[in-house]
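Here the structure comes first, spelled out in structure tokens, and everything after it is commentary.
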Amino acid sequence: MQTPHFVEISAAEWEIMRIVWANNPLTAREIIDTAFQFLNWKEGTIKSLINRLTQKGILVQNTQTKPFLYSATIDQETANYQNLNALMSRICTTKRKEAIEHLIHNHQLSQDQCKELIQLLEKKIASAPLKIECQCHPGQCNCHSCS
């Protein structure tokens, strides 16, 4: 699986991609039938999403098979990280801690996952700068660095 440059995936497209990632490769009919199990969408909507994902290069259609098989060109983990990194890049560097705190407070983690995060932070602190500077352009945020 190749890693294409970052491509925005809408929430609806993400639902289709999760089906493909879980069952790669699939026919359009298999994607549609799986989506029907939990999404209240019309068949035409799902076909449009498959076509849009193919046009974006996130899905590839194997025309050597009948019916055609659709495969992901990017794995789910890479897509997750690309989207998360894009989101974090839009948050002022001085406010990213609060964003991470929000995630920790609002999303369930196992005890083992918490321990792993603590260990990661303990390693990170050794090379972390004393202060993070704002990366925003003047007028884009209200932190003290931009005043």
_Electrostatic pair Lys56-Glu13, nearest N-O below 4.0 angstrom_ =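 Yes, charged N to carboxylate O under 4.0 Å.
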*May I ask you to decide whether Glu101 forms a salt bridge with Arg96, counting only side-chain N to carboxylate O separations under 4.0 Å?*
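Arg96 and Glu101: not salt-bridged.
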What's the spacing between [X] [atom1] and [Y] [atom2] if we round to 0.5 Å?
X: Asn24; Y: Tyr70; atom1: CG; atom2: OH; answer: 13.5 Å
X: Ile46; Y: Asn51; atom1: CD1; atom2: CG; answer: 12.0 Å
X: Leu53; Y: Leu59; atom1: CG; atom2: CG; answer: 4.5 Å
X: Glu8; Y: Trp14; atom1: CD; atom2: CH2; answer: 9.5 Å

*Tell me, with the steps shown, if Gln135 and Thr93 meet side-chain hydrogen bond (donor to acceptor under 3.5 Å, both in side chains).*
CA-CA 6 Å; Gln135 92 292 5; Thr93 50; 3.3 Å; yes
Can you tell me if [X] uses its side chain to pair, donor with acceptor, with the backbone of [Y] under 3.5 Å?
X: Trp21; Y: Ile74; value: yes
X: Glu15; Y: Ala12; value: no
X: Gln113; Y: Ser110; value: yes

*Among side-chain atoms of Thr78 and Asp75, is any donor-acceptor pair under 3.5 angstrom?*
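Short answer, yes.
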*Just do the side-chain contact (heavy atoms from CB on, under 4.5 Å) check on Ile31 and Phe36 with the steps written out, would you?*
CA-CA 9 Å; Ile31 295 169; Phe36 279 165; over 6 Å; no
